[in-house]
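Single-structure report; data block below.
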Amino acid sequence: MAYLANPKNTIEILQKYHFNFQKKFGQNFLIDFHVLDKIMDAAEIGADDFVLEIGPGIGTMTQYLCERARKVVSVEIDANLIPILQDTLREYPNAEILHHDILKLDVSALVREKNDGKPVKVVANLPYYITTPIVMGLLESRAPIDSMTVMVQKEVAERMRAKPGGKDYGALSLAVQYYAKPQIAANVPPNCFMPRPNVGSAVICLKRHEKPPVMTEDEKLMFRLIRASFQQRRKTLANGLSHANIRGLSKEQIQEAILLLGVPENIRGEKLTLAQFAELSNIINRMCGE
Ligand code: SAM
């Protein structure tokens, strides 16, 4: 098999099909065997696994996945890549290509139809312009996904795994960590891609929690509080929340809730842990129920 991880083979295929990279689709194709090995190790792909791949490109990682997994379904938005994939993956009967926009795909229905609703693994070198909607969309959909091992912008990987207090900590850290345990598996420099991206990249593995690590009575309220707290990072938590019109509560009521949480009145949202956001949502929920 002509592995596309070899840059010579990638160039040959691109020329054969007169392929033009589309910036708007975030196309940076992998050309490095070591990085692919690291992704396979981090994702722990085994012979029984069903893999959902997002954005296969010309099929570089798909070839690797197909050699290890039972079944690989790859979702690609760019119509120009479909005939190329049919060529580069022709030796893999366990490969299936779907021409679709991942953001418009009902992943739960796909897993029901193609894997009897049993958990799948997501593996992807993501298009960076829509990393957050893809990752959050999949986590929030509650589709049966065991883990997501994804290449993202390095800075985004740092934000996903950040702990309270630091500059990287924010709504994305809290949202990801509510659903999953993030772990960075590799840092990847621009020269591992064609064309080279302007930013560094990292492979991050998100292992889904069996049950959420914190208890909230109202998940939606907790995420509203989180978003409102980080909308203006420099504001105190009390100010941030009172401007967000949380269930019509006055500034005094918000301050009361913060005091009940047992933290200083002038604390900033970036100091609160996920457990504290959950607790604050429960306090506010009860205040409103009285
Ligand atoms: N997996 C390939 C690799 O590693 O060489 C390509 C990765 S490239 C960074 C991202 C891929 O996602 C491209 O093939 C791009 O066309 C595709 N893509 C972009 N937006 C998409 C979307 N909304 N749905 C599905 N695929 C998308």
Side-chain angles (χ1 to χ4, degrees), residues 2-14 17 19-40 42-43 45 51-69 72-89 92 95-107 110 121-138 141 143 148-157 185-186 188-204:
Y3 286 113
L4 298 158
N6 179 340
K8 200 174 123 274
N9 296 336
T10 283
I11 291 170
E12 212 174 282
I13 282 287
L14 296 176
Y17 287 91
F19 179 76
N20 288 317
F21 287 98
Q22 299 236 41
K23 238 189 160 155
K24 68 169 179 186
F25 289 143
Q27 292 175 339
N28 300 94
F29 299 162
L30 266 169
I31 44 161
D32 190 292
F33 287 101
H34 298 298
V35 173
L36 284 163
D37 283 334
K38 280 187 185 163
I39 297 174
M40 297 303 121
I45 303 296
V51 176
L52 170 64
E53 186 194 13
I54 300 159
I58 56 174
T60 314
M61 190 154 72
T62 327
Q63 293 179 326
Y64 261 60
L65 290 168
C66 287
E67 286 184 358
R68 290 158 178 80
V72 181
V73 172
S74 304
V75 181
E76 175 56 59
I77 197 169
D78 185 353
N80 293 327
L81 286 168
I82 306 302
I84 303 184
L85 287 162
Q86 278 156 357
D87 180 359
T88 59
L89 301 176
Y92 298 105
E96 183 174 342
I97 306 150
L98 292 184
H99 177 213
H100 220 288
D101 178 348
I102 187 69
L103 295 177
K104 297 192 180 139
L105 191 71
D106 182 342
V107 173
L110 178 113
K121 289 181 174 168
V122 170
V123 185
N125 170 15
L126 287 177
Y128 293 173
Y129 74 109
I130 42 171
T131 299
T132 305
I134 293 177
V135 171
M136 289 316 302
L138 289 175
S141 76
M148 285 193 226
T149 306
V150 288
M151 177 87 71
V152 298
Q153 210 175 311
K154 183 165 189 304
E155 185 200 309
V156 176
V188 183
N191 62 6
C192 296
F193 302 87
M194 188 186 296
R196 296 180 182 195
N198 308 326
V199 291
S201 304
V203 177
I204 191 160

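Atoms within a ligand are numbered from 1 in the order they appear, just like the ligands themselves.
Nearest protein heavy-atom neighbour of atom 5 (O) of ligand 1: Leu30 N, 2.8 Å. Regarding atom 19 (C) of ligand 1, its nearest protein heavy-atom neighbour is Phe25 O, 3.1 Å. Counting protein heavy atoms only, atom 1 (N) of ligand 1 is closest to Gly55 O, 2.8 Å. Of all protein heavy atoms, the one lying nearest to atom 26 (N) of ligand 1 is Ile77 N, 3.4 Å. Taking atom 2 (C) of ligand 1 as the reference point, the nearest protein heavy-atom neighbour is Pro56 O, 3.2 Å.
With a 4.0 Å cut-off on non-hydrogen atoms, Ala124 does not touch ligand 1 at all. Counting heavy atoms under 4.0 Å from ligand 1, residue Tyr129 touches it through the side chain alone.
With contacts defined as side-chain heavy-atom distances shorter than 4.5 Å, the pair Phe193/Asn125 qualifies. Counting heavy atoms from C-beta outward, Ile54 and Leu138 have side chains that approach closer than 4.5 Å.
Of the options Asn125, Leu126, Thr62, Leu81, the smallest heavy-atom separation from atom 3 (C) of ligand 1 is shown by Asn125.
Judged purely by distance below 3.5 Å, without hydrogens or angles, the side chains of Tyr128 and Asn28 never pair a donor atom with an acceptor atom.
Using a 4.0 angstrom heavy-atom cutoff, Met151 does not count as in contact with ligand 1. For the ligand labelled ligand 1, residue His100 lies inside the 4.0 Å heavy-atom shell. For Leu103, the heavy-atom gap to ligand 1 stays at 4.0 angstrom or more. Residue Gln27 places a heavy atom less than 4.0 Å from ligand 1.
Looking at Gln27, its side chain does come within 3.5 Å of a backbone N or O of Gln22 through a donor-acceptor pair. No donor-acceptor pair closer than 3.5 Å links the side chain of Gln63 to the backbone N or O of Leu89.
Each of the atoms 7 (C), 8 (S), 9 (C) of ligand 1 lies under 4.0 Å from some heavy atom of Asn28. The ligand atoms of ligand 1 that sit less than 4.0 angstrom from a heavy atom of Gly26 are 8 (S), 9 (C), 10 (C). The ligand atoms of ligand 1 that sit less than 4.0 angstrom from a heavy atom of Ile130 are 20 (N), 23 (N). The atoms of ligand 1 that sit less than 4.0 Å from any heavy atom of Glu53 are 1 (N). Listed by atom number, the atoms of ligand 1 under 4.0 Å from Glu76 heavy atoms are 13 (C), 14 (O), 15 (C), 16 (O), 17 (C), 26 (N). Shown in contact with Asp101 at under 4.0 Å from a heavy atom are these atoms of ligand 1, numbered in order with element: 22 (C), 23 (N), 24 (N). Taking a cut-off of under 4.0 Å to the non-hydrogen atoms of Val75, the atoms of ligand 1 that pass are 25 (C), 26 (N).
Considering CD of Gln153 and CG of Asn198, their distance stands at 9.5 Å, rounded to 0.5 Å. In this structure, the separation between CG on Leu98 and CD1 on Ile77 is 13.0 Å, given to the nearest 0.5 Å. Taken to the nearest 0.5 Å, the CG atom of Asn6 stands 11.0 Å off from the CG atom of Asp32.
Between Ile102 and ligand 1, at least one N/O pair is under 3.5 Å apart. In terms of N/O distances under 3.5 Å, ligand 1 is not approached by Phe29.
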Stepwise, does the side-chain contact (heavy atoms from CB on, under 4.5 Å) test hold for Lys38 with Val203? CA-CA 9 Å; Lys38 280 187 185 163; Val203 177; 5.9 Å; no
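Shown are Thr10, Asn9, Ile13; of these, the side chain to side chain contact (heavy atoms under 4.5 Å, CB included) with Thr88 is made only by Ile13. Residue Val156 forms a side chain to side chain contact (heavy atoms under 4.5 Å, CB included) with just one option from Val199, Leu126, Val150, Thr131, and that option is Thr131.
With sequence neighbours left out, Phe21 forms a ring pair (Phe, Tyr, Trp, His ring centres under 6.0 Å) with Phe19, Phe29.
Using cut-offs of 30° and 60° on the angle between ring planes, the pair Tyr3 and Phe33 is perpendicular.
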